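Just so you know, these numbers use all the heavy atoms, side chains as well, and skip hydrogens, waters and symmetry mates. Values in this document were obtained by computation on a predicted structure and should not be read as measured data.
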Amino acid sequence: MQHDFVYIRDLASHDGQIVTLKGWLYNKRSSKGLHFLILRDGTGLAQCVITEQEVGTVSWAAAEDATQESSLVLKGLVRKDDRQIGGYELVVHEAVLMQRAEGYPITPKDHGIEFLMDQRHLWLRSQRPWATMRLRNNIIMSIHHYFQEQGFIQMDAPIFTGNAVEGTSTLFEVDYFDEKAYLTQSGQLYGEAMAMALGKIYTFGPTFRAEKSKTRRHLTEFWMIEPEMAFYDLAMNMDMAEGLLRRILRDARTNCGTELDILGRDVALLEKADAPFPRIHYSDAVDLLKSNKSMEMLDGELEAAFDEEKNLRSELAEIKKNYGSAKKWEKKKFDAREIEINQLLEDCAERQRNLPKWKASAIAFEWGNDLGGSDETVLTKHFDTPIMVHRYPAAVKAFYMKRDPEDDRLALGVDVLAPEGYGEIIGGGERATDLQFLLDQIRAHGLPESAFSWYLDLRRFGSVPHSGFGLGLERTICWVGGLKHVREAIPFARLMSRLSP
RNA sequence: UCCUCGGUAGCUCAAUGGCAGAGCAUGCGGCUGUUAACCGCAGGGUUGUAGGUUCGAGUCCUACCCGGGGAGCCA
């Protein structure tokens with residue numbers, strides 16, 4: 001493709017040349033007869049210097065008038081400058097203002113999450129979303145490469161379904177030509193049919209849950225990757241899941257250095273996570289959860305939260321004491337630090353509330369329960385890598401799970417829990433193969449047998465051992481990128497309280 | 001649905017029950033190498049809504065509305 005302009009990303013290869021950049025004004029700093037235009041073009045940021053003496057009146061007026069997010073065409077000389085982020089700047093010879101933006105709402109200053117989510121269509125232009133979307137793209141490509149290189153076939157499950165898969169989640173109901181239909185909560189059962197036809201397949205598509213969950217880990221619409229493999233048992237399934245995650249980690253570290261830097265991600269933690277994942281039997285997980293080691297860890301963190309609060313409060317008192325005699329620029333610093341301290345104090349208070357609850361939950365935990373969110377967090381705090389907890393009590397898992405031949409109370413399921421409190425990013429397991437067992441399970445779960453007749457055909461005609469899992473894309477992006485909320489990991493998040501933009 | 005925290009200028013936040021403020025953004029002025037540039041001036045408010053207590057309410061009480069993150073459920 002021939003362009004009459006170059007991208008900021010490619011400036012290094014145009015050192016000393018006259019080029020044209022097209023983009024939007026990200027920020028502007030000015031002095032007399034001089035503007036520093038920070039241009040954004042989707043590939044990166046570049047500082048473009050324009051001097052009144054060296055350009056015509058039309059170009060100078062364009063630079064004078066340009067406001068934040070105005071669209072611009074800038075022609076000039078590419079010059080190496082080590083002070084710049086990209087290492088290069090543009091000495092502008094000619095500037096054209098395509099459109100003058102007025103009142104761009106996102107100023108170069110802190111904003112609250114609600115305001116930013118209302119402006120998501122514009123917020124995507126900012127640095128953090130820019131880095132996040134590029135990381136998302138990289139992770140998506142890692143997933144495709146990983147599966148394609150092993151001969152998997154990508155095929156998608158339907159989005160409209162006639163019945164609930166597991167009978168537990170709340171689904172979105174839609175009118176389907178006067179019939180009830182639901183938006184899919186999982187392509188799992190269809191994936192099994194496709195695996196019986198093509199061997200190894202994976203789906204990659206949207207999934208919908210109508211749960212009223214207001215947390216940093218939940219979306220009502222999210223993207224899920226669900227591989228399904230014929231002739232794979234639980235151990236092979238776990239190998240596949242671990243291989244996928246470690247591939248994602250490796251590719252992100254190789255390809256997304258700039259993005260992870262913008263996101264402020266501690267890359268050393270990602271490096272540590274790229275090591276063999278411990279595989280923990282449910283019973284061992286219960287023991288670890290209730291161990292002295294866990295209790296000491298929780299006590300230690302609670303103590304740390306109180307210590308931190310004490311230090312923050314004395315710093316705050318110190319600031320208030322010195323505020324009156326401070327110079328103006330010092331007061332600005334004090335104000336900023338005070339806001340920061342207030343936020344940290346809220347974090348401390350939350351930990352002080354949560355940690356005793358987590359401890360109580362761990363103490364009260366009994367073999368046979370499902371692991372709750374806090375229990376998972378406690379377990380993962382013991383490790384630097386994701387952990388794979390396998391063989392859960394069958395009672396808390398879906399009807400299609402195969403039972404453990406060594407302990408009929410257990411199902412051959414596995415959850416992969418990411419470190420640093422990110423929690424469950426994969427759920428999966430080995431599927432039941434016996435027709436009569438599945439019929440019994442469907443009845444025991446109170447599910448309509450008729451809806452599963454096609455699924456049961458998979459056991460009537462050449463039933464084989466098979467396994468698979470579901471990977472939550474946004475949760476994975478959060479973990480790799482060190483994000484706080486899944487809503488940052490998708491361009492336009494759909495939440496209980498948000499359908500727009 | 002429950003628990004918990006919050007709602008003050010366009011944005012981020014201050015304000016012992018006692019004159020509603022700062023920074024950023026915007027406008028104007030100054031400054032020829034700035035890195036969220038800086039300096040000066042100006043405009044900008046029904047303190048979420050409705051009641052109540054009080055000489056006096058942003059602040060205390062009651063109800064409601066909206067939002068944050070946590071439980072349940074899950075990826």
Side-chain angles (χ1 to χ4, degrees), chain A residues 26-38 45 47 49-54 67-68 81 83-85 89 91 102-119 126-127 166 168-170 185-186 188 207-226 320 323 328-329 331-336 338-340 342-343 346-347 349-350 353-354 357-358 361 370-374 376-377 396 398 415-418 422-428 469-479 484-487 489 495-498:
Chain A
Y26 194 72
N27 199 3
K28 180 162 82 171
R29 290 182 285 269
S30 306
S31 200
K32 184 177 173 66
L34 179 67
H35 287 299
F36 298 97
L37 306 171
I38 314 304
L45 296 176
Q47 173 165 290
V49 192
I50 185 165
T51 313
E52 188 172 14
Q53 287 177 352
E54 293 172 17
T67 52
Q68 198 188 351
D81 186 326
R83 290 169 293 188
Q84 304 311 319
I85 303 167
E89 68 176 10
V91 181
E102 286 193 53
Y104 187 71
I106 304 175
T107 58
K109 187 72 182 170
D110 285 335
H111 297 283
I113 187 73
E114 193 191 340
F115 173 78
L116 289 172
M117 286 301 290
D118 282 340
Q119 310 292 337
S126 299
Q127 284 286 82
E166 298 172 24
T168 51
S169 299
T170 316
Q185 62 150 349
S186 164
Q188 151 86 55
T207 305
F208 308 88
R209 303 276 166 91
E211 297 291 344
K212 292 188 175 176
S213 299
K214 288 196 304 181
T215 83
R216 64 184 73 188
R217 300 189 307 281
H218 289 87
L219 295 166
T220 54
E221 177 185 297
F222 63 96
W223 288 69
M224 188 152 70
I225 296 88
E226 295 184 279
K320 296 223 159 145
Y323 195 85
K328 187 169 180 182
W329 66 271
K331 282 186 178 175
K332 268 172 74 174
K333 270 193 175 166
F334 284 160
D335 286 343
E338 188 179 339
I339 289 167
E340 210 173 285
N342 282 337
Q343 280 163 359
E346 271 180 38
D347 286 351
E350 193 176 324
R353 279 195 303 269
N354 284 339
K357 283 188 203 162
W358 293 4
S361 162
D370 198 5
L371 293 167
S374 70
E376 288 179 350
T377 305
V396 301
D415 281 355
V416 182
L417 310 177
Y422 283 98
E424 186 175 352
I425 54 174
I426 281 179
F469 59 86
L471 171 74
L473 180 63
E474 287 77 16
R475 285 187 181 179
T476 304
I477 295 166
C478 276
W479 166 49
K484 278 194 179 133
H485 314 87
V486 278
R487 62 185 156 202
L495 304 161
M496 193 182 145
S497 57
R498 180 168 296 283

By the 4.0 Å heavy-atom rule, please label Lys212(A) as base, sugar-phosphate, or nothing. base

Position toward the 5' end of RNA chain B (nearest nucleotide), Tyr104(A) or Glu424(A): Tyr104(A)

Between U59(B) and U53(B), how far apart are the C1' atoms? Round to whole Å, please. 13 Å

Output the rounded distance in Å from CH2 (Trp223(A)) to C1' (C74(B)). 19 Å

Nearest 0.5 Å, please: how far is CZ in Phe115(A) from CD1 in Ile106(A)? 6.0 Å

For side chain to side chain contact (heavy atoms under 4.5 Å, CB included), just list the numbers for Arg475(A) and Phe222(A), CA-CA rounded to whole Å, side-chain angles, deciding distance to a tenth of an Å, and then say yes or no. CA-CA 9 Å; Arg475(A) 285 187 181 179; Phe222(A) 63 96; over 6 Å; no

Expressed as a whole number of angstroms, how long is the span from Leu116(A):CG to G68(B):C1'? 14 Å

Check whether any side-chain N or O of Ser213(A) sits under 3.5 Å from a backbone N or O of Thr215(A) as a donor-acceptor pair, and report yes or no. no

In whole Å, measure the gap between the P atoms of G68(B) and U32(B) for me. 48 Å

Is the phosphate of A37(B), meaning OP1 or OP2, less than 4.0 Å from a side-chain N or O of Arg29(A)? yes

Rounded to whole angstrom, note down the C1' distance from U49(B) over to U34(B). 47 Å

Using whole Å, what does the distance between atom C1' of nucleotide C5(B) and atom NZ of Lys214(A) come to? 11 Å

Roughly how far, to the nearest 0.5 Å, is the CD atom of Glu424(A) from the CG atom of Leu371(A)? 9.5 Å

Using atom C1' of each nucleotide, how far apart are A57(B) and U62(B) to the nearest Å? 15 Å

Distance check, P atoms only: A14(B) and C55(B), in whole angstrom units. 31 Å

Donor-acceptor pair present, Ser497(A) side chain and G68(B) base, under 3.5 Å: no

OP1 or OP2 of A37(B) versus the side-chain N and O atoms of Asn27(A): is any pair under 4.0 Å? yes

Residue mapping more 5' on RNA chain B - nearest nucleotide basis, Ser213(A) or His485(A): His485(A)

Please report, rounded to the nearest Å, how far the C1' atom of A25(B) is from the NZ atom of Lys28(A). 14 Å

With a non-hydrogen cut-off below 4.0 angstrom, is His218(A) in contact with a base, only sugar-phosphate, or nothing? base

Using whole Å, what does the distance between atom C1' of nucleotide C74(B) and atom CD of Glu376(A) come to? 9 Å

Using the C1' atom in both, what is the distance from A9(B) to G52(B), to the nearest Å? 28 Å

In whole angstrom, give the distance that lies between atom CG of Leu219(A) and atom C1' of A75(B). 10 Å

Considering every strand and a 4.0 Å limit on heavy-atom distances, what is the contact class for Asn354(A): base, sugar-phosphate, or nothing? nothing

Given the C1' atoms of C28(B) and U46(B), what is the spacing between them in whole Å? 30 Å

Tell me the interatomic distance from Arg217(A), atom CZ, to G70(B), atom P, rounded to whole angstroms. 6 Å

Picking from G68(B), A75(B), C73(B), the nucleotide nearest the side-chain atoms of Glu211(A) would be C73(B)

Side-chain donor or acceptor of Glu52(A) paired with backbone N/O of Lys32(A) under 3.5 Å: no

Taking atom CZ of Arg498(A) and atom OG1 of Thr220(A), what is their separation to the nearest 0.5 Å? 11.5 Å

Going from OG1 on Thr207(A) to CD on Gln185(A), what distance comes out if it is rounded to the nearest 0.5 angstrom? 9.0 Å

If we only count heavy atoms from C-beta on, is the His218(A) to Glu211(A) side-chain gap below 4.5 Å? no

Atom pair CD (Gln84(A)) and CD (Gln47(A)), whose distance is rounded to the nearest 0.5 Å: 4.0 Å

Taking side chain as C-beta onward, heavy atoms only, is Leu219(A) less than 4.5 Å from Leu495(A)? yes

Could you check whether Arg216(A) gets within reach of a base, just the sugar-phosphate, or nothing at all, counting any heavy atom under 4.0 Å? sugar-phosphate

N or O in side chain of Arg487(A) less than 4.0 angstrom from G69(B) OP1/OP2: yes

So what's the dot-bracket for RNA chain B: Watson-Crick or G-U pairs under 3.5 Å, [ ] if a pair crosses, | if it pairs off-strand? (((((((..((((....[..)))).(((((.......))))).....(((((..]....))))))))))))....

Would you indicate what Phe115(A) reaches in the nucleic acid, counting non-hydrogen atoms under 4.0 angstrom: base, sugar-phosphate, or nothing? sugar-phosphate

With rounding to whole Å, what would you report as the distance between U47(B) and G10(B) at their C1' atoms? 16 Å

So what does Leu471(A) touch, heavy atoms closer than 4.0 Å: a base, only the sugar-phosphate, or nothing? nothing

Just the rounded figure in Å: distance from C1' of C73(B) to CG of Leu371(A). 14 Å

Is the backbone N or O of Trp223(A) less than 3.5 Å from a side-chain atom of Glu474(A), with the two atoms forming a donor-acceptor pair by type? yes

Polar atom pairs between nucleotides 30-33 of chain B and protein, under 3.5 Å, N or O only, would you list them?
unit_1: C31(B); atom_1: OP2; unit_2: Lys32(A); atom_2: NZ; d: 3.4
unit_1: U32(B); atom_1: O4'; unit_2: Lys32(A); atom_2: O; d: 2.9
unit_1: U32(B); atom_1: O4; unit_2: Gln53(A); atom_2: OE1; d: 3.1
unit_1: U32(B); atom_1: O4; unit_2: Gln53(A); atom_2: NE2; d: 2.4
unit_1: G33(B); atom_1: O6; unit_2: Arg79(A); atom_2: NH2; d: 2.6
unit_1: G33(B); atom_1: N1; unit_2: Arg79(A); atom_2: NH2; d: 3.4
unit_1: G33(B); atom_1: N1; unit_2: Glu89(A); atom_2: OE2; d: 3.0
unit_1: G33(B); atom_1: N2; unit_2: Gln47(A); atom_2: NE2; d: 3.4
unit_1: G33(B); atom_1: N2; unit_2: Asp81(A); atom_2: OD2; d: 3.2
unit_1: G33(B); atom_1: N2; unit_2: Glu89(A); atom_2: OE1; d: 2.8
unit_1: G33(B); atom_1: N2; unit_2: Glu89(A); atom_2: OE2; d: 3.3

Would you check if the side chain of Ser361(A) reaches a backbone N or O of Lys357(A) as a donor-acceptor pair within less than 3.5 Å? no

